[in-house]
Amino acid sequence: MITASAPGKVILFGEHAVVFGTKALGTAIDLRAWASIEEAPGRLEVETSNLMLADFSLDLITGNIKSKGALNFFRYVSAVLVEFKAKDLRVKLRSEIPQAAGLGSSAAIVVATLAALNKYMGLGLDRLEIASSAHWIEKTVQKGLGSPMDTALSTFGGYQLVSHEVLPIDLPEMELVVGHTEKQHDTRSEVQKVQNLRSIYPDIVDPIFQAIGAISARAIPLLKEKRLRELGQMMNFNHGLLEAAGVSTRELSELVYAARSPGGALGAKLTGAGGGGCMIALPPEGGSSAILTAIAQAKGRAFKVKTGCEGVRLES
Ligand code: PMV
């Protein structure tokens, strides 16, 4: 059996504005997805088994589905299997990354499956080819949507700066708190919403994007030098501008303000497309327990993540 794993991600700065060409900064986190491939003569099957992905199994040859829980994953994984003409095998998936929450779960599944298949079938793909195939597959399944950020972070790990291209950037590890609203989000409809707003009010929305781009640029040296207080301020600015662009929700903003309670986060913002999903908070040096409690009290699911984590890897 061949197993590969790949990380999820958070966007630290610049979501939405990046769609219009300004910079965004994302980082791989220490939540991962695993894909294992084993021989299964005459079969082509995908199975999932854990809490994050509802249990299901699917036989691509007979079309036999045993549970309807995680069809989303089936679409991505079967696109990988079809693209590389896989046969006589079974893919087993496991993930600790919440789905449809802006944490890069589909990219991690695609990248881990590609890396395992690469080894199993001897495809000879290097990391760059895994990242670009994964991006292509995400775009195909999502019908044209999907920036290369998620698949690049899942493949290469660390931090990636995205504008017209995706470039790795060397920044130190940090700890963040993630607050999940437990509401799934839909990236496509949030991007569409912002686009509509911009077509009606370009003179207002374009300066919002420019300011977000300026925040992303300023944040990089602050993160490099671990000037956390100022970095937190950049997160707060960024959240305010995303609210102005209409992609926050009452639940997201409640978690953001709860995290910023006295003794809590140095800064907090929604992460990803918004409309549900997650927010992130930057803890002070002293730790994150006050933030975890505040988010839980505001009815969010709170957990700590590390940033700058390792990209795709084969597991022994
Ligand atoms: O899909 P998410 O929640 O990770 O966020 C996508 C980020 C956007 O900037 C809103 C869209 C994009 O393609 O960059």
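For ligands, and for the atoms within them, numbers begin at 1 and follow the listed sequence.
- Between Ser133 and Glu83, the side chains place no donor N or O within less than 3.5 Å of an acceptor N or O (distance only, hydrogens not considered).
- Less than 4.0 angstrom separates some heavy atom of Glu15 from each of these atoms of ligand 1: 9 (O).
- Between Arg301 and Glu182 there is a salt bridge, with a side-chain nitrogen of the basic residue lying less than 4.0 Å from a carboxylate oxygen of the acidic one.
- Ligand 1 has a nitrogen or oxygen under 3.5 angstrom from a nitrogen or oxygen of His185.
- With a 4.5 Å cut-off between side-chain heavy atoms of Ile, Leu, Val, Met, Phe, Trp and Tyr, the cluster of Leu128 takes in Phe156.
- Atoms of ligand 1 found under 4.0 Å from any heavy atom of Lys9, numbered from 1 in the order shown, are 4 (O).
- Against a heavy-atom cut-off of under 4.0 Å, Thr187 is close to the following atoms of ligand 1: 1 (O), 2 (P), 3 (O), 6 (C).
- Per-residue contacts place Ile11 under 4.0 angstrom from the following atoms of ligand 1 (heavy atoms of the residue considered): 7 (C).
- The shortest side-chain heavy-atom distance between Leu12 and Lys269 does not fall under the 4.5 Å cut-off.
- Remark: Phe209 engages Phe20 in a ring-ring contact (aromatic ring centres under 6.0 Å, His included) (not counting sequence neighbours).
- Each of the following atoms of ligand 1 lies closer than 4.0 Å to a heavy atom of Val18: 9 (O), 14 (O).
- Side-chain polar atoms of Gln99 and Ser105 form no donor-acceptor pair below 3.5 angstrom.
- Near His16, meaning under 4.0 Å from one of its heavy atoms, ligand 1 places the atoms 8 (C), 9 (O), 10 (C).
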